[in-house]
Amino acid sequence: MGKLLYSATMSLDGFIAGPGGDMSWLTDYLGPNPAVEELIGRIGALLVGNRSFGGDDPHKGTDKEGKAFGGGWSGPQFVLTHRPPERQVPGTTFVADLAEGVAAARAAAGDAYVNVIGADVARQCLEARLLDEVFVCVAPIMLGDGVRLFDHPGGRTVKLERLSLTEAPLATNIWLRVVS
């Protein structure tokens, strides 16, 4: 079975989206990144939170809008939601239960990664001890407010082991394994 990997680009101060879920800040940091390009080739399925699925898109207004990784990846997507849309979305399955979503995404991914998109889904996967790895591109910007990479009211310690540290012109990439 493939591993569950949470990937995101975050600001230096720890936000993956600005206030109100704004992703427009990200467009200045979507440049060539060999680590991301390699990762895309290793993803077999996406497990996406409903806010991420229906939220702001850094590619808004371009031909890449609505496409995973700006169109660099295609495949099965599983969206975790209690309110699926009335009409079908090609290539997308809506699931109401985390365990069901993870199982379906893993089955679809085979030995490839299930890429988790969305802070809340990643938090749920951590709480259920399902998340294996985290890949973060740290962009050289501070947003001051927004959606945190990881937020757990009251706090929670998650131990991580660094697997790699690389850089690209517009980001520093950190790949980690979840230890506990």
Side-chain angles (χ1 to χ4, degrees), residues 1-18 23 25-49 51-53 55 58-59 64 67-78 80 98 101-103 105-143 146-152 155-180:
M1 271 300 165
K3 294 180 179 178
L4 257 69
L5 169 75
Y6 175 32
S7 73
T9 297
M10 78 172 185
S11 62
L12 182 61
D13 55 346
F15 297 100
I16 61 173
M23 296 294 291
W25 69 272
L26 188 55
T27 57
D28 291 340
Y29 303 97
L30 295 174
N33 190 329
V36 172
E37 292 160 16
E38 178 194 342
L39 168 62
I40 289 170
R42 298 171 63 190
I43 296 171
L46 301 180
L47 180 63
V48 184
R51 279 191 323 194
S52 294
F53 180 76
H59 297 286
K64 296 178 180 183
K67 298 177 182 172
F69 294 96
W73 181 87
S74 64
Q77 297 185 57
F78 299 85
L80 192 60
L98 178 66
V102 168
R106 278 191 165 147
D111 290 335
Y113 279 107
V114 171
N115 192 89
V116 175
I117 298 176
D120 188 55
V121 174
R123 181 192 52 74
Q124 290 178 56
C125 288
L126 275 167
E127 288 178 357
R129 299 194 177 272
L130 297 170
L131 195 67
D132 299 298
E133 297 177 10
V134 178
F135 176 76
V136 180
C137 300
V138 182
I141 186 173
M142 291 192 281
L143 301 176
V147 178
R148 294 199 171 278
L149 175 76
F150 175 68
D151 194 17
H152 192 278
R156 172 160 187 243
T157 300
V158 178
K159 292 187 180 184
L160 305 166
E161 173 188 10
R162 189 177 73 201
L163 300 175
S164 73
L165 176 66
T166 60
E167 62 182 69
L170 301 173
T172 300
N173 308 307
I174 308 169
W175 202 306
L176 307 138
R177 181 176 66 84
V178 177
V179 177
S180 66

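Quick caveat, the model's predicted, so the values are computed rather than measured.
With sequence neighbours left out, Arg148 forms a salt bridge (charged side-chain N to carboxylate O under 4.0 Å, His left out) with no residue at all. Here Tyr29 pairs with nothing under the ring-ring contact (aromatic ring centres under 6.0 Å, His included) rule; sequence neighbours left out. When the side-chain hydrogen bond (donor to acceptor under 3.5 Å, both in side chains) test is applied to Glu127, the partners found at least two apart in sequence or on another chain are Arg123, His152. Taking Arg106 as the reference, Asp132 meet the salt bridge (charged side-chain N to carboxylate O under 4.0 Å, His left out) condition, with sequence neighbours excluded. Arg42 pairs by the salt bridge (charged side-chain N to carboxylate O under 4.0 Å, His left out) definition with Glu38, not counting sequence neighbours. Asp28 meets the salt bridge (charged side-chain N to carboxylate O under 4.0 Å, His left out) test with no other residue; sequence neighbours excluded. Under the side-chain hydrogen bond (donor to acceptor under 3.5 Å, both in side chains) criterion, Glu133 pairs with Lys3, Tyr113, Trp175, not counting sequence neighbours. In this structure Ala45 satisfies the side chain to side chain contact (heavy atoms under 4.5 Å, CB included) test together with Pro76, Phe78, Ala105, Ala108, Ala109, sequence neighbours excluded. Residues meeting the side chain to side chain contact (heavy atoms under 4.5 Å, CB included) test with Thr166, sequence neighbours left out: Ala35, Asn173. Not counting sequence neighbours, the partners of Asp13 by the side-chain hydrogen bond (donor to acceptor under 3.5 Å, both in side chains) test are Ser11. Not a single side chain to side chain contact (heavy atoms under 4.5 Å, CB included) links Ala107 to another residue, sequence neighbours left out.
Side-chain contact of Glu37 with Asn33: a donor-acceptor pair under 3.5 Å is absent, judged by distance alone.
Under the salt bridge (Lys or Arg N to Asp or Glu O under 4.0 Å) criterion, the residue pairs touching residues 158-171 are Glu161-Arg177, with sequence neighbours excluded.
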List the steps, then state whether side chain to side chain contact (heavy atoms under 4.5 Å, CB included) holds for Ile16 with Thr9. CA-CA 6 Å; Ile16 61 173; Thr9 297; over 6 Å; no
When you look at Val48 and Val121, which way does the side chain to side chain contact (heavy atoms under 4.5 Å, CB included) test go after all the steps? CA-CA 7 Å; Val48 184; Val121 174; over 6 Å; no
Passes side chain to side chain contact (heavy atoms under 4.5 Å, CB included), Asn115 versus Leu47? Steps please. CA-CA 6 Å; Asn115 192 89; Leu47 180 63; over 6 Å; no
When you look at Leu46 and Val114, which way does the side chain to side chain contact (heavy atoms under 4.5 Å, CB included) test go after all the steps? CA-CA 5 Å; Leu46 301 180; Val114 171; over 6 Å; no
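A distance of 5.5 Å separates CG of Leu149 from CE of Met10, quoted to the nearest 0.5 Å. The CG atom of Leu39 lies 5.5 Å from the CG atom of Leu5; values are rounded to the nearest 0.5 Å.
Considering only heavy atoms from C-beta on, Leu160 stays 4.5 Å or farther from Val179 through its side chain. In this structure the side chain of Leu163 never reaches within 4.5 angstrom of the side chain of Leu176, judged on heavy atoms.
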